[in-house]
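Working notes, structure below.
We use all heavy atoms of the structure for the numbers below, so side chains are in, but hydrogens, waters and symmetry mates are not. All values derive from a computational prediction rather than experimental measurement. Proteins get letters first, then strands, A, B, ... in listed order; numbering begins at 1 in each.
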Protein chains: 2
Amino acid sequence: MDAKTQATYEVRARILKALAHPSRLFMVDVLSRGERCVCELTELVGADMSTVSKHLSVLKAAGILADEKRGMQVYYSLKVPCVMGFFDCVSEVLTSRTVDRDGKAPVCQRR
Amino acid sequence: MDAKTQATYEVRARILKALAHPSRLFMVDVLSRGERCVCELTELVGADMSTVSKHLSVLKAAGILADEKRGMQVYYSLKVPCVMGFFDCVSEVLTSRTVDRDGKAPVCQRR
DNA sequence: ACATCAGTTGGCGAAATGGCCAATTAGTTG
DNA sequence: CAACTAATTGGCCATTTCGCCAACTGATGT
């Protein structure tokens, strides 16, 4: 794998990595239904606000969320609508895994 | 976040986590164009075979890949065609991030 | 049986991640 | 200005991840 190819996959992996945490995934799901301030998300997640804030900064750094300060609150919103499509695919992975009892699961066709 | 919700997002995050590594992402991309044995992937990735083997077992455990031993080689294949759809979405995230100069990036509509 | 090649597994050290607490910044209100 | 709330940041520690090496398993060939 040459340096350029390596760099391409590193960038992509960084975005997936940002999504690959239960709390972050949950917050993305919540935000897909509308913006929320940190204190709301903190209550929904049920963790320390500092923890939630760090999770949000990870998602923001990955370009998935946008933040806007209004008054005393900071509101986060989902920048990329298609992110929710991930979940459908993830569910498909789950289904194919449970169906795969006899090793005859469908194999990916060439794209 | 109640226990059931927590469990749901943990399962989903585990799958994203499996994909969230440059080498693993690269291998999934390669496998989307057809099956490959470990030795071929090892050469393509350019790492130790033990490292590649462990990466493959992570993807297999997540239900993303299937493996089949034929003779001396073990062939891995992509079980979930839709996984490649991830990449299109990821690219969209990348685009929206670079476009976002004036803080006017498109915000996700409710689903 | 022995050597060889493909692959997996265990172990080790280095680095990254996650979560809480404490300290700090920044609006808001009295 | 002082008190309060929202949010971020730094620090610390436990856990996980990553990648190489070495050892082991299994099929193939001589």
Can you check whether A:Thr51 has a side-chain N or O nearer than 4.0 Å to OP1 or OP2 of C:dC20? yes

Between D:dT17 and B:His55, is there an OP1 or OP2 to side-chain N/O distance shorter than 4.0 Å? no

Looking for any heavy atom pair under 4.0 Å, which part of the strands does A:Arg24 touch: base, sugar-phosphate only, or nothing?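 Sugar-phosphate, backbone atoms only, no base.
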
For a quick check of understanding: with a heavy-atom distance under 4.0 Å over all strands, which category does A:Tyr76 fall into, base, sugar-phosphate or nothing? sugar-phosphate

Which residue lies more 5' along DNA chain C, comparing A:Gly71 with B:Gln73 via nearest heavy atoms: B:Gln73

Evaluate whether atom CD of A:Glu43 has more than 12 neighbouring non-hydrogen atoms of other residues, nucleotides or ligands under 6.0 angstrom away. no

Of all the nucleotides listed (D:dA7, C:dG7, D:dG19), which has the minimum atom distance to the side chain of B:Cys37?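 That would be C:dG7.
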
For the side chain of B:Cys39, starting at C-beta, report the closest nucleotide among C:dT8, C:dA6, C:dG19.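 The closest nucleotide is C:dA6.
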
[X] [atom1] to [N] [atom2], straight-line distance once rounded to whole Å:
X	N	atom1	atom2	answer
B:Glu43	C:dA6	CD	P	10 Å
A:Met27	D:dA7	CE	P	13 Å
A:Leu56	C:dT17	CG	P	17 Å
B:Asp48	C:dG11	CG	C1'	14 Å
A:Met72	C:dT29	CE	P	7 Å
B:Leu59	C:dG7	CG	C1'	16 Å
B:Glu68	C:dA6	CD	P	18 Å
A:Tyr9	D:dC18	OH	P	18 Å

Between C:dG7 and B:Lys54, counting only base atoms on the nucleotide and side-chain atoms on the residue, is there a donor-acceptor pair under 3.5 Å? no

Answer yes or no: side-chain N or O of A:Ser50 and base N or O of C:dC21 forming a donor-acceptor pair under 3.5 Å. yes

Assess whether side-chain contact (heavy atoms from CB on, under 4.5 Å) is satisfied between B:Thr8 and A:Phe26, documenting all intermediate values. CA-CA 9 Å; B:Thr8 303; A:Phe26 172 70; over 6 Å; no

When the nearest nucleotide of DNA chain D is assigned to A:Ser57 and to A:Lys17 on a heavy-atom basis, which residue is associated with the more 5' position?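 Residue closer to the 5' terminus by nearest nucleotide: A:Ser57.
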
Going by the side chain to side chain contact (heavy atoms under 4.5 Å, CB included) test, name the single residue among B:Leu25, B:Leu19, B:Val83 that passes it with B:Leu59. B:Leu19

Interatomic spacing from CG in B:Leu41 to CE in A:Met1 - rounded to 0.5 Å: 10.5 Å

Between B:Lys17 and B:Glu10, does the salt bridge (Lys or Arg N to Asp or Glu O under 4.0 Å) criterion hold? Intermediate values first, please. CA-CA 10 Å; B:Lys17 215 167 180 177; B:Glu10 267 173 17; over 6 Å; no

